[in-house]
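In what follows, a structure is listed as structure tokens, so that the remarks can point back to it.
Whatever order the structure lists ligands and atoms in, that order sets their numbers, starting from 1. Computed over heavy atoms, backbone and side chain alike; hydrogens, waters and symmetry mates excluded.
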Amino acid sequence: MKLIVCILFVIGNISNNGKASLDSLVPMSTNILFEDTTKNADKSCYRPCKFNVKPRRCHYEFKIEPTILEDGRPALTVNGMTPGPPIHVCANDIVVVEVKNKVVGQDMAIHWHGVEQKGTPYMDGVPMVTQCPISYGSSYKYAFRASSPGTFFYHADSVHHQSDGVYGALIVNQPQPLEAHSSLYDFDRSQENTLIVAAKFPELMTANLEDSSQLKPSSLLVNGLEEDFKIFVLPSYAYRLRLINAIAIECPVVVTVDRHEMVVIATDGKPVKPVSTSRVQLYPGERMDVVVRASEKMGGNWMRVRGDGACGNLSASAMLLHQGFNYTAMLHDGKKETFAKDTDSGTQIYGQTLESIQDVPHNIVDRSLILSIDRHVLQFKDTDNDYRYISDAIPKKPFFPASLSLADKGVVQINHKSFLYPNVPLLMRPNDIKKEIKCSVGEKDQSKDPQCLLALNAQQGELLELVLLNEGFGSNDSYTFHMHGYSMQIVATMQGSDGKPFSKETFEQLDNDGKIKRNIQTPPLKDTVMVPNKGFTIVRIKLDRGGSWLLECRSCSLALPAALVVNVPESLPKSLLDSFPKCGDYRPPDVLLN
Ligand SMILES: *[C@@H]1O[C@H](CO)[C@@H](O)[C@H](O)[C@H]1NC(C)=O
Ligand SMILES: *[C@@H]1O[C@H](CO)[C@@H](O)[C@H](O)[C@H]1NC(C)=O
Ligand SMILES: *[C@@H]1O[C@H](CO)[C@@H](O)[C@H](O)[C@H]1NC(C)=O
């Protein structure tokens with residue numbers, strides 16, 4: 001492993017010589033989003049958001065490369081940092097991020113988690129679905145409008161790259177009077193008061209692709225730190241804090257603040273009816289906004305983050321400190337009060353059981369489909385499975401979005417299918433997808449292969465209901481799913497009470513008997529949901545925008561992906577298509593020299 005890191009560094013350095021050439025890869029100005037923003041660009045777009053002012057163009061450059069961190073640990077960083085530079089903008093600003101991939105032998109793409117990508121489905125950041133992967137030595141310019149306010153984040157599309165450090169906060173602010181719950185807090189300072197939680201691995205996952213399932217996280221981090229992150233407050237004032245679980249594997253986290261209650265006001269960027277609690281739970285990819293009113297008494301308090309699932313036994317902490325308080329003693333005393341003492345009382349709040357603040361319009365569901373999710377042991381050898389997509393990247397090697405060993409633990413599948421990345425980017429070239437790799441949800445299964453491009457072909461405007469059914473014959477795990485481009489209405493979630501596996505037939509029987517209650521009035525709107533073991537979560541999505549949108553279980557396993565793509569027809573103008581980089585059409589200078 002060490003050797004690989006060294007090589008990454010050597011080649012990474014050489015490639016700096018080719019800087020000028022790397023900069024030349026910029027799509028043509030066929031769309032307003034592609035206008036040159038480097039000149040007169042705003043350095044930082046963090047500012048108080050006002051009414052009736054022109055939105056800004058906020059330009060960022062992300063250089064992704066391997067770095068040895070201060071603690072001696074290797075990581076993939078964005079501009080030398082992990083987490084990467086935070087993005088704080090006002091609603092309707094245009095965010096432009098030029099991503100340069102300096103990681104040898106690795107393809108990259110950045111996903112803007114929770115961003116709706118209205119009008120820009122090709123900026124969603126899924127390689128071979130919405131774009132060509134960014135191969136080593138090349139760059140890609142993302143540009144999208146931050147149309148919805150809220151707490152989001154960005155991360156490398158690959159679980160490995162995200163786990164190795166490529167993630168960061170993305171906060172979209174708006175004028176205070178538009179905030180649904182602004183009366184509940186005095187301060188909303190997203191730059192100081194955002195906590196992004198990650199898991200720290202002892203080694204690079206990217207360097208252990210052959211069997212990264214052996215890698216276990218060794219601790220949790222808040223804003224890249226195990227216990228040093230500090231939030232300064234004034235006595236008796238209320239602060240809006242933004243919590244982000246940016247872990248890519250199945251690690252829910254529970255957050256508490258010693259001696260303080262939290263009022264949950266939003267989940268996944270959308271406001272909810274406020275709920276007061278002492279602890280909140282966030283699944284991987286989920287966000288929650290909470291209000292904490294600082295105590296009157298001068299002092300300092302620990303904020304505790306405890307991991308669950310694959311991060312069981314791990315924790316991290318941050319400090320909530322009154323301005324001017326001497327916290328040296330606090331460090332000496334350590335965190336004597338254990339986590340449990342503070343948190344055993346009170347209910348734990350989950351995002352998907354909250355209620356949206358506004359009633360959802362009552363529409364008739366056009367289609368309801370059941371997705372059977374379970375872990376299956378495949379009767380295949382590793383060599384029978386296709387873990388790669390051929391990106392034509394340089395050097396001419398296939399990229400592996402999943403790790404290379406199934407062992408005999410099985411893989412999580414949807415309708416008995418594992419996701420296969422298409423041969424060309426689906427959104428750009430739907431007609432060039434090989435017929436034999438396609439399989440569809442809700443239509444007769446043409447493909448016998450357990451691995452295929454699983455797609456749900458939808459109509460624009462359709463209200464789709466999906467029952468995410470975690471059957472639990474093959475495992476006792478719960479799974480977290482993320483929907484790209486849309487907020488879903490979470491109308492029901494339930495776990496069977498008898499501890500028995502939950503088949504599709506059982507669900508249909510219960511539903512026909514009217515035993516399944518749906519909250520169609522005030523379902524929370526979320527892009528990330530948990531599907532409980534031997535239970536289900538029912539979501540509804542109003543498909544009002546075209547695009548190829550992934551519905552994925554990122555955290556299901558490191559082996560073959562569990563995902564499907566929701567295809568809403570969208571034809572992109574030829575001039576726009578021509579402006580995108582082609583898969584593998586760029587040769588970094590150092591590679592040519594070798
Ligand atoms: C947590 O610690 C207990 C006791 O040491 C151990 O049995 C368990 O396997 C650990 N859990 C994880 C996820 O490592
Ligand atoms: C803070 O407290 C520590 C011990 O509790 C003390 O040694 C230190 O001098 C104090 N610092 C200040 C700036 O008062
Ligand atoms: C799930 O849990 C049950 C009861 O604890 C146990 O009997 C079963 O073996 C577990 N299944 C798996 C796949 O771990």
Side-chain angles (χ1 to χ4, degrees), residues 211-217 225 227-235 249-252 258-259 281 283-284 294-295 297-303 307-313 317-337 371-380 382 385 402-403 405-418 450 468-481 493-507 510 530-537 553-562:
D211 200 359
S212 45
S213 57
Q214 299 300 317
L215 284 184
K216 296 266 176 288
L225 304 166
E227 53 183 29
D228 287 338
F229 184 71
K230 300 175 188 73
I231 290 182
F232 294 100
V233 294
L234 294 168
I249 60 171
E250 193 57 44
C251 291
D258 287 2
R259 288 178 288 274
Q281 177 152 27
Y283 286 86
S295 59
K297 201 168 142 262
M298 187 71 169
N301 290 285
W302 290 105
M303 298 185 67
D308 209 342
C311 296
N313 304 340
S317 47
M319 293 163 119
L320 187 76
L321 300 169
H322 282 116
Q323 250 153 33
F325 174 70
N326 181 351
Y327 57 84
T328 324
M330 213 173 136
L331 291 173
H332 282 199
D333 293 351
K335 283 156 270 176
K336 268 184 206 148
E337 292 167 77
L371 302 176
S372 300
I373 303 155
D374 208 349
R375 185 179 292 276
H376 300 122
V377 176
L378 303 184
Q379 301 306 310
F380 281 85
D382 269 2
N385 292 293
S403 58
S405 182
L406 294 178
D408 45 10
K409 282 179 283 187
V411 287
V412 181
Q413 295 186 306
I414 300 173
N415 292 354
H416 278 267
K417 301 289 184 193
S418 292
L468 306 177
L469 178 64
N470 180 353
E471 295 184 333
F473 289 98
S475 96
N476 290 321
D477 298 335
S478 59
Y479 305 120
T480 308
F481 277 78
T493 182
M494 200 183 111
Q495 188 164 26
S497 53
D498 57 3
K500 293 207 187 95
F502 211 124
S503 68
K504 192 171 168 179
E505 291 69 34
T506 311
F507 177 86
L510 285 173
M530 186 270 292
V531 186
N533 169 40
K534 300 174 184 36
F536 58 83
T537 296
C553 178
R554 290 181 67 71
S555 56
C556 274
S557 75
L558 287 167
L560 299 172

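- Shown here are the side chain to side chain contact (heavy atoms under 4.5 Å, CB included) partners of His416, two or more places apart in sequence or in another chain: His376, Gln413.
- Listed by chain and number, the residues in a side chain to side chain contact (heavy atoms under 4.5 Å, CB included) with Ala318 are Leu195, Val222, Phe229, Met303 (sequence neighbours excluded).
- With Lys534 contributing its side chain and Gly472 its backbone, the two residues share a donor-acceptor pair below 3.5 Å.
- When atom types are taken as modelled, the side chain of Asn326 and the backbone of Thr328 share a donor-acceptor pair closer than 3.5 angstrom.
- By the side chain to side chain contact (heavy atoms under 4.5 Å, CB included) test, Met494 is found to be paired with Phe536, residues two or more places apart in sequence or in another chain being considered.
- A donor-acceptor pair is defined here as one N or O able to donate and one able to accept, closer than 3.5 Å; such a pair exists between the side chain of Thr537 and the backbone of Met530.
- The immediate protein surroundings of ligand 3, defined as residues with any heavy atom under 4.0 Å of it, consist of Gly474, Ser475, Asn476.
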